[in-house]
Amino acid sequence: MRVLAHVDLDAFYTQVEVQRNPSLKGTPVVVVQYNPYGDLRTVKPSDNRLFPDSNGSIIAVSYEARKHGVKRNMMAQAAKKLCPELSIVQVPVAHGKADIQIYRDAGAAVISVLSSDGAICERASVDEAYLDVTAGAQQLLAAAAAAAAGGGDAAGDALQAQLGAGGSQQQQQAVDDAGAQPAAVGPLLPLPESIEGWHVADAAEPGAAGVAAWWARPAACWNNDELLLAAGAVVVARLRASVAQQLGYSCSAGIAHSKILAKLGSGLNKPAQQTLVPAAAVPGLLGPLPLPKLRQLGGKFGEELMTGLGVSTVGELAAVPLPRLEALVGLENAAWLQRLAQGKDDEEVKPRTLPKSISCGKTFRGASALTGLTAVHGWLSQLATELQERLDNDRRQHQRTPSQLTVSIDTLAAAAAGPDSAAVPGASAAIVQAAAAGPAAAAAGRATPQNWRAGVAAVSRSTPLRRPVAEVMAADALKLVKKWARDRGQGWKIIGIFISASNFVAAPTGASTLDSDSCSTASSS
DNA sequence: ATGGTGCCACA
DNA sequence: TGTGGCAC
């Protein structure tokens, strides 16, 4: 049985900012994004980025601020009404857009610590990772077993250290032996001195008391999986301590036998806490859980399930007969769902600490929407410049270079969405109709904000990434957009542009810039 | 006046 | 290859 963990940095962006400005420590802090239209001024990471009057939208909330009811996506000034002493930190701005590089770098440092001790580590986002600590847990148990059997714990530790990762056969054997003798289980893995902030999901008592009680259960109550899970919890606690000590960041974690439960567990007790999810706790945990709380069921699919099946909790979903489930979502989804509803999830922790793509983009809301190719070119240049910087760093650090360039645009069609007008390309008939039936109907024949919005459509086009150089990438991206504009005809608004570099291939360090300079100068256009 | 990213499944 | 969904 695997032992997996989900590690989640607590209100990460605010932690990064507090570390950069320690006077904020222990105070309510939010991080906001605020991009005045057309303003290309940069706000460097090292600038004073405290903006008490900013009304940007909040993307991270410190736990002190959460106590006052401040939430993500709130406007900063609305939050300040809830919490007058709130510190508002603005995300750095470069190339006319928010630049979250300082958080990426901090996240990479965390990933580095989490993956330094042999755990398989999958970067799930800038502030989250999945770990497979099965090997480490087995190793810990084997060492404990050896110590218990031999009496000399030092000798046991030394032996296990010698066995190292290559000794997994013997270690597994030791674990199995231990499991075969339940009487030895209790004393086998001593409860760590400090279990502050530890929890066992669905325990009779909350917090450390519950953990202690769980740990102190009669030896006959333990099974191998629980033993492994307990050992995994020790491994994860050590990793979290390393993150705290080496980097100064607090994080929370869930430890379980599947990704889905580990993820659920990490959110049960925050901040700076960790939660074990033993198999025995799963029915009690999932039964009353609202469907949208499960990863993957937070959106339309979950909504479809709730309305289509008349269920609202995971327990109710688990009780739906398979045929009924199949009728609604198909064979494959039904089988997957039924297992998911029991906390069963075979998804592996993929050994991947680096992003598979690097992208940047910007939205242009309302009046800032782009209507001409000149503006598009200007922003593509900005985005490509940032992209090149990030690709340069990525190549230097990871000896790889992307081979594919994708440009995506979010667009609004200009065609009027009046009742008798042609359908807006990219918009479903239902949406167009809904828009036409609304207040905008009176303005049929003219483009109004309402029917502009009805025509939103995303378009993406890819091309080989010739050279990771801003001018080249911007030019190639512009070509794709020009072609789209030509095909599309007159009358469009672009409300978002994104460029992405992907399909990385190995590349030697350092040569990129020199090669591109000596090959052919990019100043052809 | 909910931004910027990144992953994945599907067709 | 492009679209859409999900998550934070």
Side-chain angles (χ1 to χ4, degrees), chain A residues 6 8-14 30-37 54-61 71-79 90-104 107 122-130 259-260 263 266-267 292-304 329-330 332-333 336 347 350 352 354-369 382-383 386-387 390 404-411 425-428 449 453 456-464 480 484 495-504:
Chain A
H6 179 257
D8 195 346
L9 278 296
D10 303 318
F12 189 41
Y13 288 14
T14 68
V30 293
V31 175
V32 304
Q33 275 181 179
Y34 182 57
N35 304 65
Y37 165 52
S54 165
N55 196 21
S57 74
I58 295 172
I59 61 173
V61 187
K71 295 211 158 66
R72 214 168 168 273
N73 286 340
M74 235 175 219
M75 291 291 149
Q77 293 309 313
Q90 159 73 51
V91 173
V93 176
H95 312 295
K97 59 183 283 300
D99 179 357
I100 63 171
Q101 193 58 35
I102 58 174
Y103 314 118
R104 280 196 203 96
E122 176 180 344
R123 177 193 196 273
S125 75
V126 67
D127 66 348
E128 284 176 73
Y130 288 95
K259 272 183 158 185
I260 189 99
K263 165 80 174 168
S266 72
K293 297 265 184 189
L294 266 199
R295 188 177 59 129
Q296 303 293 326
L297 303 186
K300 295 185 180 180
F301 187 57
E303 186 59 37
E304 184 188 341
V329 301
E332 198 111 329
N333 280 337
W336 172 76
E347 200 188 326
K350 298 169 188 73
R352 184 178 48 74
L354 301 179
K356 302 171 78 161
S357 64
I358 294 179
S359 64
C360 43
K362 178 169 172 58
T363 55
F364 307 93
R365 295 166 315 185
S368 68
Q382 295 292 324
L383 294 173
E386 180 187 324
L387 188 58
R390 289 168 59 187
Q404 185 177 56
L405 179 72
T406 302
V407 55
S408 311
I409 51 179
D410 286 344
T411 73
S428 78
R453 203 178 312 116
V456 66
V459 177
S460 78
R461 299 283 184 265
S462 296
T463 187
L480 296 178
W484 168 83
I495 59 173
I497 305 184
F498 314 87
I499 57 177
S500 172
S502 59
N503 294 12
F504 283 89

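Heavy atoms only: backbone and side chains are in, while hydrogens, waters and symmetry mates are out. First the proteins, then the strands, lettered A, B, ... as listed; each starts at 1. What you are looking at is a predicted structure, and each value in this text was computed from that prediction instead of being measured.
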To the nearest angstrom, the CD-C1' distance between A:Q296 and C:dG5 comes to 9 Å

Hey, is the side chain of A:R104 poking within less than 4.0 Å of OP1 or OP2 on B:dT5, counting only N and O atoms? yes

Tell me what A:G361 touches on the nucleic acid: a base, only sugar-phosphate, or nothing, going by heavy atoms under 4.0 Å. sugar-phosphate

Can you check the distance between C:dA7 and B:dA1, where both ends of the measurement are the P atom (answer in whole Å)? 25 Å

Begin with the C-alpha distance, continue with both residues' side-chain angles, and end with the deciding distance and a verdict on side-chain contact (heavy atoms from CB on, under 4.5 Å) for A:W336 and A:V329. CA-CA 10 Å; A:W336 172 76; A:V329 301; over 6 Å; no

Ranking B:dA1, B:dC8, B:dG4 by distance to the side chain of A:R365, first place goes to B:dA1

State whether A:K362 places a side-chain N or O below 4.0 Å from either non-bridging phosphate oxygen (OP1 or OP2) of B:dT5. no

Of the candidates C:dC6, C:dT3, B:dG4, the side chain of A:R461 sits closest to C:dT3

Go through the steps to decide whether A:R295 and A:E347 satisfy the test salt bridge (Lys or Arg N to Asp or Glu O under 4.0 Å), and finish with yes or no. CA-CA 13 Å; A:R295 188 177 59 129; A:E347 200 188 326; 3.3 Å; yes

Starting from P on B:dC7, measure out to CZ on A:F301 and report it in whole angstrom. 23 Å

Specify the separation, in whole Å, of atom NE2 of A:H6 and atom C1' of B:dC7. 13 Å

Looking across every strand, which nucleic acid part, if any, lies under 4.0 Å from A:L383 by heavy atom: base, sugar-phosphate, or nothing? nothing

Candidates B:dC8, C:dT3, C:dC8 - which lies nearest the side chain of A:K350: B:dC8

Between A:D99 and A:A94, what is the shortest heavy-atom contact and its length? OD2-CB, 3.7 Å

Students often get this wrong, so: under 4.0 angstrom with heavy atoms, is A:V459 touching a base, only sugar-phosphate, or nothing? sugar-phosphate

Hey, is NZ on A:K350 packed in by over 12 heavy atoms from elsewhere, all under 6.0 Å? yes

Nearest 0.5 angstrom please: A:H6 NE2 to A:I260 CD1, how far? 10.5 Å

Between C:dC6, C:dG4, B:dG3, which nucleotide gets closest to the side-chain atoms of A:A458? C:dG4

Assuming nearest nucleotide by heavy-atom distance, tell me which of A:E122 and A:E386 is located more 5' along DNA chain B. A:E386

Quick note, A:M75 side chain, CB onward, closest among B:dA1, B:dG3, C:dG2 is B:dA1

Over how many whole Å does the gap from A:K300 atom NZ to C:dG5 atom C1' extend? 7 Å

Looking at the side chain of A:S462, which of C:dT1, B:dG4, C:dG2 is the nearest nucleotide? C:dG2

Considering only heavy side-chain atoms of A:E128, the closest of C:dC8, B:dG4, C:dT1 is C:dC8

Classify A:I358 by what it touches in the nucleic acid, base, sugar-phosphate, or nothing, heavy-atom distance under 4.0 Å. sugar-phosphate

Is the backbone N or O of A:I495 less than 3.5 Å from a side-chain atom of A:T363, with the two atoms forming a donor-acceptor pair by type? no

Choose from C:dA7, B:dG3, B:dC7 the nucleotide whose nearest atom is closest to any side-chain atom of A:S357. B:dC7

Between P on C:dC8 and CE on A:M74, what's the gap in Å once rounded to a whole number? 18 Å

Any side-chain N or O of A:Q404 below 4.0 angstrom from OP1/OP2 of C:dT1? yes

Whether A:Q90 side chain and A:V31 backbone form a donor-acceptor pair below 3.5 Å: no

Would you say C:dC8 has OP1 or OP2 under 4.0 Å from some side-chain N or O of A:K263? yes

Of all the nucleotides listed (B:dG6, B:dG4, C:dC8), which has the minimum atom distance to the side chain of A:T363? B:dG4

Integer-rounded Å distance: C:dA7 C1' and A:I260 CD1: 12 Å

Does B:dG6 have OP1 or OP2 sitting under 4.0 Å from an N or O in the side chain of A:R390? yes

Nearest-Å distance for atom pair CH2/P, residues A:W336 and C:dG5: 15 Å

Distance in angstrom units between A:K293 NZ and C:dC6 P, rounded: 17 Å

Closest-nucleotide mapping onto DNA chain B: is A:S359 or A:N73 further toward the 5' terminus? I mean the 5' end. A:N73

Which nucleotide wins on minimum distance to the side chain of A:R295, given the candidates C:dA7, B:dC8, B:dT5? C:dA7

